[in-house]
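Everything quoted here is computed from the prediction, not taken from an experiment. Numbers restart at 1 for each chain; the letters A, B, ... are given by sequence-line order, proteins then strands.
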Protein chains: 2
Amino acid sequence: MNDTIAPIERQSLHDTVTERIRDMIVEGTYQPGSRLPERVLCETLGISRTPLREALKVLASEGLLEIAPNRGARVAGLTAEDVDELFPVMGALEALSGELACARITETELAEIRALHYQMVLHHTRGERPPYFEINQQIHEKILEAARNPTLAVAYNNLSGRIRRARYTANISATRWAQAVSEHEEMLEALAERDGPRLAGILKRHLHNKCETVKAALAAAE
Amino acid sequence: MNDTIAPIERQSLHDTVTERIRDMIVEGTYQPGSRLPERVLCETLGISRTPLREALKVLASEGLLEIAPNRGARVAGLTAEDVDELFPVMGALEALSGELACARITETELAEIRALHYQMVLHHTRGERPPYFEINQQIHEKILEAARNPTLAVAYNNLSGRIRRARYTANISATRWAQAVSEHEEMLEALAERDGPRLAGILKRHLHNKCETVKAALAAAE
DNA sequence: CCGTATCAAATTGTATGCAAAATACAATAA
DNA sequence: TTATTGTATTTTGCATACAATTTGATACGG
């Protein structure tokens, strides 16, 4: 997986590099707790330490990495306590995004989400997990987009990045999976009715359940 | 309390530098929109460009600065639209912090907040704005602390940093000031009764009102 | 055998150097 | 005068160099 994809433009590496490393972490190229020696990353990305370190500091400030003075960066682990901290915050933000989306979503956007939803349902009935998760993610992003609040979106994505890896690998149970789909069905209804409080409630519950799933997956992984 | 202004340790500057620049921005040393030439900051802080740039990237990722490629950093301005985006998010987070605090606060912490509250009331009756704001800030921090959720605290403080400057300079009206104090009174009651939903509601309303105050101040500043 | 001291290698933290881009400004032309 | 273009200066982006700290391997003493 380490084929220097390289060329990156000569100037303005920062955002690219940050994104590249973020992807590697989310996709599990580096496991939680594993060290990220600057030298290795420099060679992988074909850049020098200066822009690399700038990217590392930013990722650390997002909570994706932990940098110990004079000891370098590690991929931040995710404990059950972390999950218990993260999900209530994400729940509050998702609830808000639901309320705002109901107030602001257009018919076109709603139709897009509906299309995604039924595609996701199809993946569920076929038992295809990766595409299911992919579309699931897209639906939540669409709702965030419909909320028309970039600040909210950034804050949410920051937090969600820290558990996305866990969610990828989470081996969801059939029961929970069916429940999640049914929750999504409810979301669609609430969105169509522009019932903000209802959507907020569903999202909060949805995320609470997801929290339990992720924690179970974490426990199983050990 | 951190009156070692100059010396900064020789190694591990990053956090110190970041904090230092953050303070300068919040305290208004650099006005919104003004450039932050690396050279100037380097000389001010007595460090070289490498650690400085790392700090700038982090602050930019927090939304406090804007970095244009090859054009350097500027203090991010705050438009009415920004405020309209920020406050609902902060409101959601404060509401959550209120709920959690009610569930977890100790009697000691409650007593501390009560003491701060009445000190703040005193500053109000005396018309002393700066100390009032200072204590106000401390009370909200104490509530966040009582919520026992560092992730929440970090997310909140990130957003709050972007408007703290505006709140400092906001020339609050007598009416609004009295209203804010009364809202704080209610908060204390709800906290004492451990009434999470009520505290959440008050905080949301409190923040909504604050939002209007800040927007008015922004409008007045032009 | 285990713990500790010591020293070389590796790794991180900071400073400096060099190239590219932007900015400022003066000279010229319309 | 105003617009424009060419040039010098400044500023940023990245790479490299040097300093400080950690790491881990080895030797020594208990």
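Between the CG atom of A/Asn70 and the P atom of D/dT21 there is a distance of 7 Å, given to the nearest Å. D/dT12 atom C1' lies 15 Å from atom CG of B/Leu65, rounded to whole Å. In this structure, A/Arg71 places its CZ atom 6 Å from P of D/dT22, rounding to the nearest Å. Distance CD1 (A/Ile67) to P (C/dG13): 7 Å, rounded to an integer number of Å. Per the geometry, CD belonging to A/Glu43 stands 15 Å off C1' belonging to D/dA15, to the nearest Å. The distance from atom CZ of A/Arg39 to atom P of D/dA17 is 13 Å, rounded to the nearest whole Å. In this structure, A/Arg74 places its CZ atom 10 Å from P of C/dT12, rounding to the nearest Å. Separating the CG atom of B/Leu41 from the P atom of C/dA15 is a distance of 14 Å, rounded to the nearest angstrom.
A/Tyr30 pairs by the ring pair (Phe, Tyr, Trp, His ring centres under 6.0 Å) definition with nothing, not counting sequence neighbours.
Across every non-hydrogen atom of B/Leu218 and B/Ala80, the tightest pair is CD1-N, 4.2 Å.
Taking a cutoff of 4.0 Å between a charged side-chain nitrogen and a carboxylate oxygen, B/Glu62 and B/Arg162 do not qualify as a salt bridge. Ion pairing of B/Lys142 with B/Glu109 is absent here, as no side-chain N (NZ or NE/NH1/NH2) approaches a carboxylate O to less than 4.0 Å.
Both A/His14 and A/Pro69 lie close to DNA chain D; mapped to their nearest nucleotides by heavy-atom distance, the more 5′-ward contact belongs to A/His14.
The stretch residues 50-60 of chain B comes close to DNA chain C through B/Thr50, B/Pro51, each having a heavy atom under 4.0 Å from the strand.
In this structure a side-chain-to-backbone donor-acceptor pair under 3.5 Å is missing from A/Arg22 to A/Gly161. Although no hydrogens or angles enter the test, the distance criterion places a donor-acceptor pair under 3.5 Å between the side chain of A/Thr18 and the main chain of A/His14.
Residues in residues 69-97 of chain A take part in these salt bridge (Lys or Arg N to Asp or Glu O under 4.0 Å) pairs, two or more places apart or across chains: A/Asp84-A/Lys215.
An OP1 or OP2 oxygen of C/dT12 is reached within less than 4.0 angstrom by a side-chain nitrogen or oxygen of A/Arg35. An OP1 or OP2 oxygen of D/dC14 is reached within less than 4.0 angstrom by no side-chain nitrogen or oxygen of A/Arg49.
The listed nucleotides are C/dT12, D/dC14, C/dA15; the one nearest the side chain of A/Glu38 is C/dT12.
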